[in-house]
Engineer: 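Can you keep this structure in mind? I'll have questions shortly.
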Amino acid sequence: MSAKKKKVVVGLSGGVDSSIAAFVLKEQGYDVIGLFMKNWHDTTGVLKADCPWLDDKFDAEAVARKLEIPFHMVDLSDQYRKRVVDYMFSEYEKGRTPNPDVLCNREIKFDVFFDEALKLGADFVATGHYCRKRTITVDDKEVYCLLAGSDPNKDQSYFLCQLSQKQLQKALFPIGDLQKPDVRRIAGELKLVTAHKRDSQGICFVGKVDLPVFLQQKLDTKKGDVILIPPDSELFIRDVNSDSNKASEEILQALSEPYRFNPNYGEKIGQHNGAHFFTIGQRKGLNIGGYSEPLFVIGTDVEFNQVFVGMGQNHPGLFRKGLKISGNEIHWVRPDLELSDDERRTYKVRIRYRQPLQDATLFLKKDGLYITFNEPQRGITAGQFAAWYSDDELIGSGVIDK
RNA sequence: UGUUCCGUGGUGUAAUGGUAGCACAGAUGGUUUUGGUCCAUCUAGUCAGGGUUCAAAUCCUUGCGGAACAA
């Protein structure tokens, strides 16, 4: 007899990707268990009202039946609310723009869900993410690498940028080598109910929400001024030598400093319903027309409830060359590659999902990690995650502090 | 009070006698497992009344509203 089959619990979401993840695992000879997690059932602010988790559960169950694997469900909505949604509200309240899905992976799918899976006796836990894992040996120790999915169009490694070695150790990403169209095709051939289901969008588990409405559950609306900042404002003059090779702490700090707006630098042109409903780079929702080019949010101030905007795609307020991550927020997916004090290293960095990787240099300083980009970046926003890559491997990440 | 100028979609503007266009805003849809971006489509207007003309945003006139100038 061969050794006992390894047991894998796969998170079945009721979508096509996790369906095929389960299928691939089965093909590979694992003992597969499907586990559906219910995370959200509140429909406040959700567009397309029908509360979809039940449909998803039915679909997940149907897939499990078709693949002839056991099916279980866990309700993690309590934890999801506490560890993802509350975090979201609190970040917005501070005027930052969180990425709940990165948190969802770190806190839910690869934490509480993980534990539930292990309770079912799992050796591994699998998800339908488009990314890959590789195991290498460094100093006689196994090290797990998180790689981009093979389908460059669907690579979801960014959302897993906060995973730890411990989490990666038991993780499997069965569809990381597949292209999305192949996933659809296989699902079609297997006649799975999820074969032609639309890809999920919006905050994972919550769905596509009207964000202001969603946030209004906890955050008050409050009228404030919208202020237009001219592109030639002195605020945008950074008399730092953009040759950041010298990389003194001063230069790094200057490059990573958000523009400090105040109404004296511009002109009041309208009103908004709360600065915390806006994020840098945002165009829609200002409700101010009459300009030759669109207006974009270039800064918000929740303390004084002010929104600062600039006209046009190339407004200098939209761009910055550097950002900073607080020392305690630096996360290395590969701890063996951690920078030492005052060390610098070049990486490819993205600051949002699906952004093409940008050439950048990381500097570890006493007060945190500075990242400077070769090209100015649009919409560097506190609360979002910066993730650095070496080729297609995600090395580390952190919440942008400023 | 007098003279002059102006009044076009929600906003900013184009069309000076010949099918009222553009931009921004807004709505809807698409792309996207964050926010946002982006793409497509759509909505919506000649201040009001009278007149000239085959034809008026455009010319004339009255009213209303705004701006400028005025010993």
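Here is the naming used below: chain letters follow the sequence lines, and residue numbers restart at 1 for every chain.
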Engineer: What's the closest nucleotide to the side chain of A:Tyr92 if the choices are B:G35, B:U33, B:U37?
Structural biologist: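 Out of B:G35, B:U33, B:U37, the nucleotide with an atom closest to A:Tyr92's side chain is B:G35.
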Engineer: Would you indicate which nucleotide in B:G36, B:U33, B:U31 comes nearest to any side-chain atom of A:Ser200?
Structural biologist: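 The answer is B:U33.
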Engineer: Taking any heavy-atom pair under 4.0 Å as a contact, classify A:Gly285: base, sugar-phosphate, or nothing.
Structural biologist: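 Counting heavy atoms under 4.0 Å across all strands, the contact made by A:Gly285 is with sugar-phosphate only.
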Engineer: Mind checking the C1' distance from B:G49 to B:C64? Whole angstroms is fine.
Structural biologist: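 These two C1' atoms come out 11 Å apart once rounded.
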Engineer: Would you indicate which nucleotide in B:G30, B:G35, B:U37 comes nearest to any side-chain atom of A:Arg198?
Structural biologist: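 Closest nucleotide to the A:Arg198 side chain: B:G30.
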Engineer: NA contact type, A:Gln355, heavy-atom cut-off 4.0 Å: base, sugar-phosphate, or nothing?
Structural biologist: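 Counting heavy atoms under 4.0 Å across all strands, no contact is made by A:Gln355.
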Engineer: Once you round it to whole Å, what is the distance between P of B:U33 and CG of A:Asn105?
Structural biologist: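 A:Asn105 atom CG is separated from B:U33 atom P by 13 Å.
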Engineer: Say we look at B:A25 and B:U11: how far apart would their P atoms be, to the nearest angstrom?
Structural biologist: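 Each nucleotide's P atom is 15 Å from the other's.
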Engineer: Looking at A:Arg96, I'd like to know whether one of its side-chain N or O atoms comes within less than 4.0 Å of OP1 or OP2 on B:U34.
Structural biologist: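 Checking B:U34 against A:Arg96, no side-chain N or O comes under 4.0 Å of OP1 or OP2.
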Engineer: Quick one: which of B:U33, B:U37, B:C24 gets closest to the side chain of A:Pro294?
Structural biologist: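 The nucleotide sitting nearest to the side chain is B:C24.
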Engineer: Can a side chain N or O of A:Arg283 be found less than 4.0 Å away from OP1 or OP2 on B:C24?
Structural biologist: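 Checking B:C24 against A:Arg283, a side-chain N or O does come within under 4.0 Å of OP1 or OP2.
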Engineer: Whole angstrom is fine here: how far is it from CH2 in A:Trp40 over to C1' in B:U33?
Structural biologist: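 In whole Å, B:U33 C1' and A:Trp40 CH2 are 16 Å from each other.
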Engineer: Nearest heavy atom decides the nucleotide; on that basis, is A:Asn99 or A:Gly281 closer to the 5' end of RNA chain B?
Structural biologist: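 Comparing both residues, the 5'-ward one is A:Asn99.
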Engineer: Please confirm whether the shortest side-chain N or O distance from A:Gln313 to OP1 or OP2 of B:C38 is below 4.0 Å.
Structural biologist: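 True: A:Gln313 side-chain N/O within range (under 4.0 Å) of B:C38 OP1/OP2.
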Engineer: Expressed in angstrom and rounded to an integer, what is the separation of A:Ile269 atom CD1 from B:G12 atom C1'?
Structural biologist: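 Checked: the CD1 to C1' distance equals 12 Å.
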Engineer: In whole angstroms, how far is the P atom of B:G35 from the CG atom of A:Leu211?
Structural biologist: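 The distance from CG of A:Leu211 to P of B:G35 comes to 7 Å, rounded to the nearest Å.
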Engineer: Name the nucleic acid region contacted by A:Leu286, choosing base, sugar-phosphate or nothing; use a 4.0 angstrom heavy-atom cut-off, strictly under.
Structural biologist: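 Sugar-phosphate, backbone atoms only, no base.
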Engineer: Write down the distance between CE (A:Met88) and P (B:G36), rounded to a whole number of angstrom.
Structural biologist: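 Nearest whole value for this atom pair: 10 Å.
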Engineer: With C1' as the reference atom in both, quote the distance from B:U53 to B:C60 in angstrom, rounded to an integer.
Structural biologist: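 About 12 Å, rounded to a whole number of Å.
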Engineer: Could you check whether A:Gln201 gets within reach of a base, just the sugar-phosphate, or nothing at all, counting any heavy atom under 4.0 Å?
Structural biologist: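 Result for A:Gln201 = base.
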Engineer: Atom CG of A:Leu228 and atom P of B:G12: how far apart are they, to the nearest Å?
Structural biologist: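 So the two atoms are 15 Å apart, to the nearest Å.
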Engineer: Quick check for you: among B:A25, B:U33, B:G35, whose closest atom lies nearest to any side-chain atom of A:Asp101?
Structural biologist: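 Closest nucleotide to the A:Asp101 side chain: B:U33.
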Engineer: Taking only side-chain N and O atoms of A:Lys284, does any of them lie within less than 4.0 angstrom of OP1 or OP2 on B:G26?
Structural biologist: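 Yes, A:Lys284 has a side-chain N/O under 4.0 Å of OP1/OP2 on B:G26.
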Engineer: Assess the pair A:Tyr259 and A:Phe236: is the distance between their ring centroids shorter than 6.0 Å?
Structural biologist: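 Ring centroids of A:Tyr259 and A:Phe236 are less than 6.0 Å from each other.
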Engineer: Whole angstrom is fine here: how far is it from CG in A:Asp210 over to C1' in B:A27?
Structural biologist: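 So the CG-C1' distance, A:Asp210 to B:A27, works out to 13 Å.
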Engineer: Between B:U43 and B:A27, how far is it from one P atom to the other, in whole Å?
Structural biologist: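 So the two P atoms sit 16 Å from each other.
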Engineer: If the cut-off is 4.0 Å, is A:Lys109 near the phosphate of B:U33, judged by side-chain N/O to OP1 or OP2?
Structural biologist: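 A:Lys109 to B:U33 OP1/OP2: no side-chain N or O under 4.0 Å.
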Engineer: Measure the shortest side-chain to side-chain distance between A:Leu339 and A:Arg344 over non-hydrogen atoms and say whether it is less than 4.5 angstrom.
Structural biologist: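 Not touching, per the 4.5 Å side-chain cut-off.
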Engineer: Look at the aromatic rings of A:His129 and A:Phe173 and report parallel, tilted or perpendicular, splitting at 30° and 60°.
Structural biologist: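 Rings of A:His129 and A:Phe173: perpendicular, as their planes differ by over 60°.
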Engineer: Classify the ring geometry between A:Phe89 and A:Phe214 as parallel (under 30°), tilted (30 to 60°) or perpendicular (over 60°).
Structural biologist: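 Because their plane-to-plane angle is under 30°, the rings of A:Phe89 and A:Phe214 count as parallel.
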Engineer: From the set B:U34, B:U37, B:A25, return the single nucleotide nearest to any side-chain atom of A:Asn287.
Structural biologist: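 Minimum distance to the A:Asn287 side chain belongs to B:A25.
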Engineer: Verify the contact: side-chain N or O of A:Arg354 to OP1 or OP2 of B:G36, cut-off strictly under 4.0 Å; return yes or no.
Structural biologist: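 Checking A:Arg354 against B:G36: no side-chain N or O falls below 4.0 Å of OP1 or OP2.
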Engineer: So for A:Thr381 and B:G35, does any side-chain atom that can act as donor or acceptor lie under 3.5 Å from a complementary atom in the base?
Structural biologist: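 In this structure, the two groups form a donor-acceptor pair.
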Engineer: Does atom CG (A:Asn328) have a neighbourhood of more than 12 heavy atoms from anything else shown, all under 6.0 Å?
Structural biologist: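 Counting neighbours around CG of A:Asn328, more than 12 heavy atoms of other residues, nucleotides or ligands fall under 6.0 Å, so yes.
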Engineer: If I pick the P atom on B:U8 and the same atom on B:U58, what distance separates them, to the nearest angstrom?
Structural biologist: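 Per the computed distance, 13 Å lies between those P atoms.
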Engineer: A:Ser292 near the nucleic acid: base, sugar-phosphate alone, or nothing, with a heavy-atom cut-off under 4.0 Å?
Structural biologist: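 Touches sugar-phosphate only.
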Engineer: Heavy atoms under 4.0 Å, any strand shown: does A:Arg352 hit a base, just sugar-phosphate, or nothing?
Structural biologist: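 The answer is base, as A:Arg352 lies within the cut-off (heavy atoms under 4.0 Å) of a base atom.
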Engineer: When the distance from CG of A:Leu219 to P of B:G35 is rounded to whole Å, what number comes out?
Structural biologist: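 Going from CG in A:Leu219 over to P in B:G35 covers 16 Å.
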Engineer: Between B:G35, B:U33, B:C24, spot the one nearest the side chain of A:Tyr291, thanks.
Structural biologist: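 Shortest atom-to-atom distance from the side chain points to B:C24.
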Engineer: Taking B:G26 as the reference, what is the distance to B:C59 when you measure between their P atoms (whole Å, please)?
Structural biologist: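 About 35 Å, rounded to a whole number of Å.
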Engineer: May I ask you to check whether over 12 heavy atoms, not counting those of A:Glu375, lie within 6.0 Å of atom CD?
Structural biologist: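 Not more than 12 within 6.0 Å, no.
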Engineer: A:Thr97 and side chain to side chain donor-acceptor pair (under 3.5 Å): which partner among A:Thr381, A:Thr300, A:Thr279?
Structural biologist: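 The option that passes is A:Thr279.
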Engineer: Would you please classify the geometry between the A:Tyr353 ring and the A:Phe159 ring as parallel, tilted or perpendicular, with 30° and 60° separating the classes?
Structural biologist: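 Tilted, since the angle between the ring planes falls between 30° and 60°.
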Engineer: Would you measure the distance from the P atom in B:G45 across to the matching atom in B:G30 and give it in whole Å?
Structural biologist: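 Nearest-Å result for B:G45 against B:G30 at atom P: 28 Å.
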Engineer: Say we look at B:C54 and B:A67: how far apart would their C1' atoms be, to the nearest angstrom?
Structural biologist: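 The same atom, C1', in both gives a distance of 38 Å.
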Engineer: Within 45° of the ring axis of A:Phe363 and under 6.0 Å from its six-membered ring centre, is that where the NZ or CZ of A:Arg345 lies?
Structural biologist: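 So A:Arg345 doesn't make the cation-pi contact.
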Engineer: Examine A:Arg350 relative to A:Tyr389 and say whether NZ or CZ is less than 6.0 Å from the centre of the six-membered ring and inside a 45° cone about the ring axis.
Structural biologist: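 Yes, cation above the ring, under 6.0 Å and within 45°.
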Engineer: Let me have RNA chain B in dot-bracket notation, would you? Count Watson-Crick plus G-U wobble pairs, both distances under 3.5 Å, and use [ ] for pairs crossing earlier ones and | for inter-strand partners.
Structural biologist: (((((((..((((....[..)))).(((((.......)))))....(((((..]....)))))))))))).
